[in-house]
Each structure stands twice: as C-alpha cells, then as structure tokens.
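Accompanying notes for the structure given below.
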Amino acid sequence: MSAQAPRSLLRWIAVAAPIFLFVSAAAQQTKQLSGIRPILDSHESRPVTPHQLRAPTKARSAVEKAQKAMLRGKTDEAYKQVSRALDAYPDYSIALATRGILNLNAGKTAEASVDFQNAIQADPDYGPPYVVLGALYNHAHRYNDALLVLTRARRLIPSVWQVHFEMGQALLGKGGDDTAALAEMTNAVRTISDAEAPEDRASVHFWRAHVLVQLKDFLDARSEYLRVIHEQPDGPWAGFARQALRLLPSRASLAVAEPVSPTDGNLLTDH
C-alpha cells in the first residue's frame, strides 16, 4: 500500500476488506444452494412460438404428461413421454428442454447441455433453454459463453427473474463491471414475485448485497441483508446474512465516514 494513500481511502479499505472477504467466501460456499432453477413451468417465460404452434396435438399432450410425471418424481414415465413427443414431432423444443431438465436432475450435465443447445437450435425464439444453459455455463465458470446466451434470453423473456440473476452471476464471475452486475441483480429483485420460493427470494437479495459490498455501498448492503433474513429467517442464506451484518460498520460510523472520491490517487482494488 502506498504511503501516499489518503486517510479517507485507508479508512474505507479497513472497513471493506473483512466484509468483502467474508461475503465472497459465503457466496461461493452457498452458490450451490441457488442451484439451477428450471423455468419451464413459468407462464410468462413461455410465449408461444411458431415452432411450438406447428407441434401436433399428440406431441403437446405427451410433453404435458412428461412434465406432470417429472413433478411427481416419476422419472421413467417422464422420459417415456418425452420420447413419444419427439417421435411425434422431432426437435420439439419444449420436449428437448424437458429432457434436459430430466438429465440435469439425474446428474447428466453433458447430456442436458446438448438438449438445451438442440432446443435453441430448433426454436431460437424459445427463451427458457437459454437461461438454463447460461446457468450451466456459469456453473462451469464459462462466463463469456453465459453472457452470450443470457443476452439473448434477456431480449426474449425480460420479465423472468432468473434471466437477470444468472446475468448478474456471469458478470460477477467475469469481473470488471460490478456496476452492470448490480443493475442485473436489481432487476432480479424487481422481477421476482412474492409467489416464488422464500429461498429463491433470499438468494437474490443476498447476491445483490454481495455486489453492494464490492462497490462499498454498505448502507444499501445492510438493507439487503436484513431483507434476506426477512424472506427466510431460518434459511441458510439468513445465517450468512447475520454474520455479514456483524462485520458491517455501524450506521453511525458510515454516516461520518468521509467518502472516497473516484479521482483520489493510489486507488486500491479488492482481490
């Protein structure tokens, strides 16, 4: 650290370092909790495309049966119905995406990825496969690939919260643009509905807080951590949020702290 660094910067770095390191570790440890959320059953994520309109009734019926069987945990029956749908309408995008979810649930990530890619190739206007494929790329740390498919998803289904959540994850993973990551996480917060699972809502607020900490906006980060606890008081995200709150500076110290000017010399970055 340069001896010429301004005192205001030193104070902010002293505050930021421990909370940044903790939240980074907590976020990585709990990332598997957010998982990859299938959105095939979301009404607003499924506008009818020309490809889907051409599907025969037999194929549509088989896909509906497959999805119902999947929800009931009857995996073999779901696979059987997907095969029937694809026999009736080869390259049926919804059938391919449904099989992708089945393969994903079975731990067959490579097969699932191929199914989602094929669904996109068959029906470029169908949004959900882009989102799940983007989540898979994020999970594999292929952030540039994730950004490519998620950008397309954002154009197709902008009101689906998972699009913005995974876009934020990709930007965080790639690094270099925390402001854009914050914008996506903010959109995720705005678009997730009260009907979603409390764990999902808590995770969105937790990750938004994570970006705010990186940007050293501790006041807003505090509000987000409190919202995490409100959404799911006994959930895993709440436990990490409580620990993060203990590391955040008090409201009083934040109120009197001298802000760092972006033009200050010798700016330091967190690693």
Practice prompt. Give, for atom OG of Ser223 and atom CG of Asp217, the distance between the pair rounded to the nearest 0.5 Å.
Written response: 9.0 Å
Worksheet item: Which pairs pass salt bridge (Lys or Arg N to Asp or Glu O under 4.0 Å) with one or both residues in residues 98-107, sequence neighbours excluded?
Response: Arg99-Asp115
Worksheet item: Heavy-atom distance under 4.5 Å between the side chains of Ile229 and Tyr225, does that happen here?
Response: no
Worksheet item: Taking only residues two or more places apart in sequence or in another chain, which ones pass side-chain contact (heavy atoms from CB on, under 4.5 Å) with Ala183?
Response: none
Fill in: Minimum side-chain heavy-atom gap Val131-Ile157 below 4.5 Å
yes
Worksheet item: Are Leu148 and Tyr143 joined in one hydrophobic group, where the rule is that I, L, V, M, F, W and Y side chains link up if heavy atoms are under 4.5 Å apart?
Response: no
Discussion item. When you measure from the side chain of Arg60 to the backbone of Leu53, do you find a donor-acceptor pair of N or O atoms at a distance under 3.5 Å?
Written reply: yes
Item to complete: Output all residues satisfying salt bridge (Lys or Arg N to Asp or Glu O under 4.0 Å) with Arg201, sequence neighbours left out; order by chain, then residue number.
Response: Asp194, Glu231
Worksheet item: Mind checking what makes side chain to side chain donor-acceptor pair (under 3.5 Å) contact with Glu77, not counting sequence neighbours?
Response: Gln81
Discussion item. Would you call the rings of Tyr92 and His51 parallel, tilted or perpendicular, taking 30° and 60° as the class edges?
Written reply: tilted
Worksheet item: Looking at side-chain heavy atoms only, is the closest gap between Leu102 and Tyr79 below 4.5 Å?
Response: yes
Fill in: Non-neighbouring partners of Gln117 that pass side chain to side chain donor-acceptor pair (under 3.5 Å), sequence neighbours left out
Ser113
Discussion item. What's the separation between atom CG in Asp178 and atom NZ in Lys216, rounded to the nearest 0.5 Å?
Written reply: 9.0 Å
Worksheet item: Does some side-chain heavy atom of Asn138 sit less than 4.5 Å from a side-chain heavy atom of Leu150?
Response: yes
Worksheet item: Is there side-chain contact between Leu212 and Leu182, with at least one heavy-atom pair below 4.5 Å?
Response: yes
Worksheet, complete the sentence: Taking every heavy atom of Ala153 against every heavy atom of Gly127, the minimum-distance pair comes out as CB-O, 4.5 Å
Discussion item. Using a 3.5 Å distance criterion without hydrogens, assess whether the side chain of Thr98 forms a donor-acceptor pair with backbone atoms of Ile94.
Written reply: yes
Worksheet item: Where do Arg54 and Tyr89 land on the side-chain contact (heavy atoms from CB on, under 4.5 Å) test, with the steps shown first?
Response: CA-CA 9 Å; Arg54 290 193 294 268; Tyr89 188 28; 3.5 Å; yes
Worksheet item: Are Ile120 and Leu86 grouped together when hydrophobic residues (ILVMFWY) are joined by side-chain heavy atoms under 4.5 angstrom apart?
Response: yes
Item to complete: Of all the heavy-atom pairs spanning Ala241 and Phe206, show the shortest one and how long it is.
Response: N-CE1, 4.1 Å
Practice prompt. With sequence neighbours excluded, tell me which residues meet side chain to side chain donor-acceptor pair (under 3.5 Å) with Glu224.
Written response: His205, Arg208
Discussion item. Tell me the closest heavy-atom pair linking Gly168 and Ala181, and the distance in Å.
Written reply: O-CB, 4.1 Å
Worksheet, complete the sentence: Note: Pro56 and Ala88 closest approach over all heavy atoms is CG-O, 3.7 Å
Discussion item. If you define the side chain from C-beta out and look only at heavy atoms, does anything of Met167 sit under 4.5 Å from Thr151?
Written reply: yes
Fill in: NZ-NZ distance between Lys65 and Lys68, expressed to the nearest 0.5 angstrom
9.0 Å
Worksheet item: In terms of the angle between their ring planes, are Trp161 and Phe165 parallel, tilted or perpendicular, with boundaries placed at 30° and 60°?
Response: perpendicular
Worksheet item: With sequence neighbours excluded, what pairs up with Thr179 under the side-chain contact (heavy atoms from CB on, under 4.5 Å) test?
Response: Asp177, Leu215
Worksheet entry | For Tyr130, ring-ring contact (aromatic ring centres under 6.0 Å, His included) partners two or more places apart | none
Practice prompt. Kindly write out the residues that satisfy side chain to side chain donor-acceptor pair (under 3.5 Å) with Asp76, not counting sequence neighbours, or none if the list is empty.
Written response: none
Item to complete: Check whether any side-chain heavy atom of Leu104 lies under 4.5 Å from a side-chain heavy atom of Leu136, and answer yes or no.
Response: yes
Worksheet item: Any chance the side chains of His139 and Tyr137 put a donor and an acceptor closer than 3.5 Å?
Response: no
Response to the item:
Distance col, row Ile101:CD1 vs Gln67:CD, nearest 0.5 angstrom, shows 9.5 Å
Fill in: Gln121: side-chain contact (heavy atoms from CB on, under 4.5 Å) partners, not counting sequence neighbours
Asn118
Discussion item. My understanding is that only residues two or more places apart in sequence, or in another chain, count here; which of them pass side-chain contact (heavy atoms from CB on, under 4.5 Å) with Asp87?
Written reply: none
Worksheet entry | Minimal non-hydrogen separation, Phe116 against Ala97, with atom names | CE2-O, 3.5 Å
Worksheet item: Which pairs with one or both residues in residues 141-163 pass salt bridge (Lys or Arg N to Asp or Glu O under 4.0 Å), sequence neighbours excluded?
Response: Asp125-Arg152, Arg142-Asp145, Arg154-Glu184
Worksheet item: Hey, quick one: are Leu226 and Val189 part of the same hydrophobic cluster, counting side-chain heavy atoms closer than 4.5 Å, chains of contacts allowed?
Response: yes
Worksheet, complete the sentence: Rounded to the nearest 0.5 angstrom, the CG-OG1 distance for Leu156 and Thr49 is 10.0 Å
Worksheet entry | Any Gln169 side-chain heavy atom under 4.5 Å of Glu166 side chain | yes
Worksheet entry | Distance-minimising heavy-atom pair for Ala221 and Leu248 | C-CD1, 4.5 Å
Worksheet item: OG/Ser159 to NE2/His164 distance, rounded to the nearest 0.5 angstrom?
Response: 7.5 Å
